[in-house]
S.K.: 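Here it is, the structure in full.
Sequential numbering from 1 along the given sequence is applied to the chain's residues. Numbering of ligands and ligand atoms starts at 1, following listing order. Any value given below was found using the heavy atoms of this structure, including those in side chains, with hydrogens, waters and symmetry copies removed.
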Amino acid sequence: MADKIISGIAVATGIAIGKAFFVNRNHKAHLPRQTVASDLMPLEITTLHEAFTAVENELSNTREQVPEELKEYGLLIDTHILMLKDPKLRGTAEEYIKSLGLNAAWALEKAVSDQEAAFGAIDDPYIRERMQDVRVVADKVQAKLIGHETDLAAMEGRAIIMAHDLTPADTVELQVDKIMGFATVRGGKTSHTGIMARSLNIPALVGVDKLEDYVNDGDLVVIDGLAGKIVVNPTETELEDYNERAAFFEEYTRKIKRHCQLPAETFDGSRVAVHANIELVEEVASVIDNGGEGIGLYRTEYAYLNRTDLPSEEELTDKYVDLAAIMSPRKVVFRTLDLGADKFISAYGELNETNPALGLRAIRFCLKNPQLFKLQLRAILRASAYGNVSLMFPMISGVREVRQAKAWLAQAKAELRREGVAYDPDMPVGIMIELPAAVMIAEYLAEEVDFFSIGTNDLIQYSIGVDRTNHHVSYLYQPLHPATLRTIKLVVDAAHQAGIEVSLCGEVASDPFCVPILLGMGIDSLSLTPQAIPGIKRIIRQTNMHDCRKLLKDVLECRTVSRINNLVMDNIFKHFPDEVTFFSSLLENEEAPS
Ligand code: PEP
Ligand code: MG
């Protein structure tokens with residue numbers, strides 16, 4: 001057996017095998033706490049300032065290397081440089097060296113803790129968020145002071161990066177071509193780290209609790225981005241098995257890529273549109289390369305993150321026009337801001353809510369901040385003049401909310417008309433179905449909009465009552481739960497009865513076990529991460545609707561997830577033998593705690 005097998009949340013698929021290389025260890029526990037004699041204090045103070053300056057210089061160098069496509073992350077580095085220049089933090093640390101005789105690293109820790117205590121008491125979310133940035137820069141200075149900093153030069157050849165956390169700045173510093181895969185303690189599926197991994201297309205896990213306890217520098221590790229596992233120091237046999245799996249995955253990826261530009265049409269001629277989910281406009285190349293027929297979900301909030309100001313209407317319009325024009329005549333569905341819960345913008349700060357997932361997020365946040373909302377609606381409308389643009393509202397819970405959102409859209413249209421600015425007056429408007437309440441009144445909601453898009457990531461979270469970011473209860477997060485399948489079917493049927501189209505844009509759309517069932521329901525389109533498109537198109541092209549309807553009928557009669565799992569496994573074995581080898585690991589669900 002391997003030394004250890006640890007689990008995490010897979011954020012990018014594939015298998016990587018290589019040596020572990022640690023960056024950003026959590027060094028706080030090892031901080032030296034010593035006192036210095038008064039004659040050595042001047043030297044300690046100089047050391048402190050030199051460490052600040054060295055980190056500042058390093059960050060400035062990194063800043064210069066930030067490529068154009070990551071320019072939003074450059075702004076975060078600027079914020080960190082400003083914090084290093086700020087005399088307050090160094091001044092307080094210097095004071096602690098002088099008055100208490102603390103060593104530099106300890107003095108700095110005390111200075112940061114003081115600030116955390118002072119500002120933590122202030123109920124201003126913006127200040128709290130800035131405090132997190134202060135902690136990040138102080139960590140870097142401390143690492144320098146205690147010699148814990150990462151020596152990137154020591155990384156020979158390519159490696160698998162292990163980190164407590166990876167910031168966008170780290171990713172730039174790390175020269176991505178040298179990274180075979182990575183794993184972090186912190187982060188969730190939609191964290192920056194996760195997004196980065198997906199756009200870099202390297203196997204990656206986040207949320208790996210025990211990473212720092214179980215993995216050492218230089219260990220041979222396997223990152224299994226298919227099953228969400230890290231295998232530490234595998235045995236010969238395990239290594240052989242993983243090498244085989246990795247080679248198979250590579251070959252499979254090459255094979256499916258060859259046909260990815262073909263339409264997603266079943267044997268018996270049913271056509272399903274396969275669109276892509278993107279977070280950044282820069283992902284467009286990958287969408288087209290992987291055979292995406294359009295963009296079914298553009299998560300617009302990412303352009304608001306990682307910066308201290310808000311984008312202007314002109315900035316957004318430029319970005320949106322680019323996207324609409326590049327993709328034209330292909331479709332682009334802009335989802336209006338889905339902020340709140342785990343995504344905050346500095347200018348509004350984190351809301352102090354007991355249950356943020358049930359709080360002021362998405363459309364609720366926008367309706368409470370109409371200026372911010374209207375500015376975005378204007379930018380989307382302006383882009384609609386340049387391509388095939390649709391818009392959808394997230395987290396709709398009732399008819400009134402849709403009407404309110406549409407009223408702001410009407411107002412934005414009226415303004416543009418008065419100003420003589422072009423837009424598409426017939427731009428389709430849809431909503432995301434992510435709440436059980438919306439499912440139950442889908443027939444009424446369908447009368448208000450042009451299309452539905454089912455957001456299963458949230459719909460599963462809210463219907464099964466399981467936090468999508470909490471790995472303690474992830475065994476309950478079941479796309480193939482009978483309730484999930486019935487819920488989706490209710491929405492598809494309601495949409496079709498009302499004569500509108502229905503898409504599905506949650507992670508379920510990239511799940512090979514679920515897709516035949518969705519086809520059986522008659523879903524009109526799927527929207528998924530670009531890298532998963534070739535595989536899903538292949539599944540669709542190798543299936544026929546008759547089998548899918550039969551499978552749907554059978555699964556709807558099942559009472560348990562395990563029974564449904566068996567049926568879908570049988571289906572995959574029968575029709576898609578190539579996929580079985582590695583997709584089967586996806587079904588090795590974690591067990592419930594006993
Ligand atoms: C969803 O909830 O399924 C969805 C696609 O939206 P997000 O993952 O951005 O919440
Ligand atoms: Mg959602």
Side-chain angles (χ1 to χ4, degrees), residues 9-12 187-195 197-199 206 274-280 283 287 292 294-305 332-345 356-366 376 390-397 401 405 430-439 451-470 474 477-481 484-485 487-488 491-492 502-511 514-515 518 523 525-530 532-533 536:
I9 303 164
V11 285
K189 207 158 193 141
T190 55
S191 64
H192 288 120
T193 326
I195 293 160
R198 259 179 282 139
S199 52
V206 297
V274 179
H275 296 142
N277 294 349
I278 61 165
E279 282 80 32
L280 304 170
E283 288 176 85
V287 174
I295 290 169
L297 166 64
Y298 171 29
R299 292 182 163 105
T300 58
E301 57 278 4
Y302 280 83
Y304 287 68
L305 306 178
V332 181
V333 182
F334 287 76
R335 175 178 72 184
T336 59
L337 288 174
D338 186 359
L339 292 163
D342 57 346
K343 289 177 278 189
F344 300 98
I345 46 178
L358 304 180
L360 193 61
R361 65 170 286 200
I363 195 65
R364 306 164 183 186
F365 178 83
C366 285
Q376 189 190 27
S390 306
L391 168 155
M392 66 181 176
F393 303 118
M395 288 282 294
I396 290 292
S397 66
E401 239 167 13
I431 55 170
M432 290 192 69
I433 303 287
E434 302 180 277
L435 295 169
V439 175
F451 65 93
F452 283 164
S453 187
I454 308 176
T456 44
N457 302 345
D458 278 314
L459 190 52
I460 295 174
Q461 140 161 295
Y462 295 121
S463 56
I464 304 184
V466 48
D467 178 349
R468 64 193 258 197
T469 64
N470 181 342
S474 62
Y477 196 93
Q478 300 281 11
L480 289 172
H481 190 297
T484 309
L485 299 179
T487 301
I488 298 173
V491 181
V492 175
V502 55
S503 168
L504 191 145
C505 64
E507 295 299 308
V508 166
S510 55
D511 184 332
C514 297
V515 167
L518 299 175
I523 198 91
S525 59
L526 298 171
S527 193
L528 46 146
T529 183
I533 290 176
I536 292 303

S.K.: Tell me whether Glu507 reaches ligand 1 (any heavy atom closer than 4.0 angstrom to a ligand atom).
M.R.: no
S.K.: Taking only heavy atoms of Gly506, which atoms of ligand 1 are found under 4.0 Å from at least one of them?
M.R.: 3 (O)
S.K.: Could you tell me whether Glu434 and ligand 1 have an N or O pair separated by under 3.5 Å?
M.R.: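 Yes: some nitrogen or oxygen of Glu434 is under 3.5 Å from one in ligand 1.
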S.K.: Round to 10° and report the angle made at the Mg ion (ligand 2) by OE2 of Glu434 and OD2 of Asp458.
M.R.: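 About 100° at the Mg ion (ligand 2).
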S.K.: So do the side chains of Tyr477 and Ile464 get within less than 4.5 Å of each other, counting heavy atoms only?
M.R.: no
S.K.: State, with a plain yes or no, whether a side-chain heavy atom of Leu526 is found less than 4.5 Å away from one of Leu504.
M.R.: yes
S.K.: If you define the side chain from C-beta out and look only at heavy atoms, does anything of Glu507 sit under 4.5 Å from Thr456?
M.R.: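 No. Closest side-chain heavy atoms not under 4.5 Å.
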S.K.: Using the side-chain contact (heavy atoms from CB on, under 4.5 Å) rule, take Ile278 and Tyr302 through it: C-alpha gap first, then chi angles, then the decisive distance, then the call.
M.R.: CA-CA 10 Å; Ile278 61 165; Tyr302 280 83; over 6 Å; no
S.K.: Mark up the atoms of ligand 1 that fall under 4.0 Å of a heavy atom belonging to Gly455, in ascending order.
M.R.: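 Matching atoms, with element in brackets: 1 (C), 2 (O), 3 (O).
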S.K.: Give the numbers and elements of all ligand 1 atoms closer than 4.0 Å to a heavy atom of Asp338.
M.R.: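 By the 4.0 Å cutoff, the relevant atoms are 10 (O).
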S.K.: Assess whether side-chain contact (heavy atoms from CB on, under 4.5 Å) is satisfied between Glu434 and Gln461, documenting all intermediate values.
M.R.: CA-CA 9 Å; Glu434 302 180 277; Gln461 140 161 295; over 6 Å; no
S.K.: May I ask whether Arg335 places a heavy atom under 4.0 Å from ligand 1?
M.R.: yes
S.K.: Is there a donor-acceptor pair closer than 3.5 Å between any side-chain N or O of Glu401 and the backbone N or O of Ile363?
M.R.: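 Not confirmed, Glu401 side chain does not pair with Ile363 backbone.
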S.K.: For Leu459, which part has a heavy atom under 4.0 Å from ligand 1: side chain, backbone, both, or neither?
M.R.: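 Looking at Leu459 and ligand 1, no heavy atom falls under 4.0 Å.
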S.K.: Indicate the atoms forming the closest heavy-atom contact of Asn277 with Glu283, along with that distance.
M.R.: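 Looks like O-OE1, 4.5 Å.
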S.K.: Under 4.0 Å, heavy atoms only, figure out whether ligand 1 is touched by the backbone of Leu297, its side chain, both or neither.
M.R.: side chain
S.K.: Run the numbers for me: atoms of ligand 1, each under 4.0 Å from some heavy atom of Met432, listed by number.
M.R.: 4 (C), 5 (C), 6 (O)
S.K.: Show me which atoms of ligand 1 lie under 4.0 Å from any heavy atom of Cys505.
M.R.: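 Those qualifying, in numeric order: 5 (C).
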S.K.: Would you say the side chain of Thr487 lies within less than 4.5 Å of the side chain of Ile433, judging by non-hydrogen atoms?
M.R.: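 No, every pair of side-chain atoms sits at 4.5 Å or beyond.
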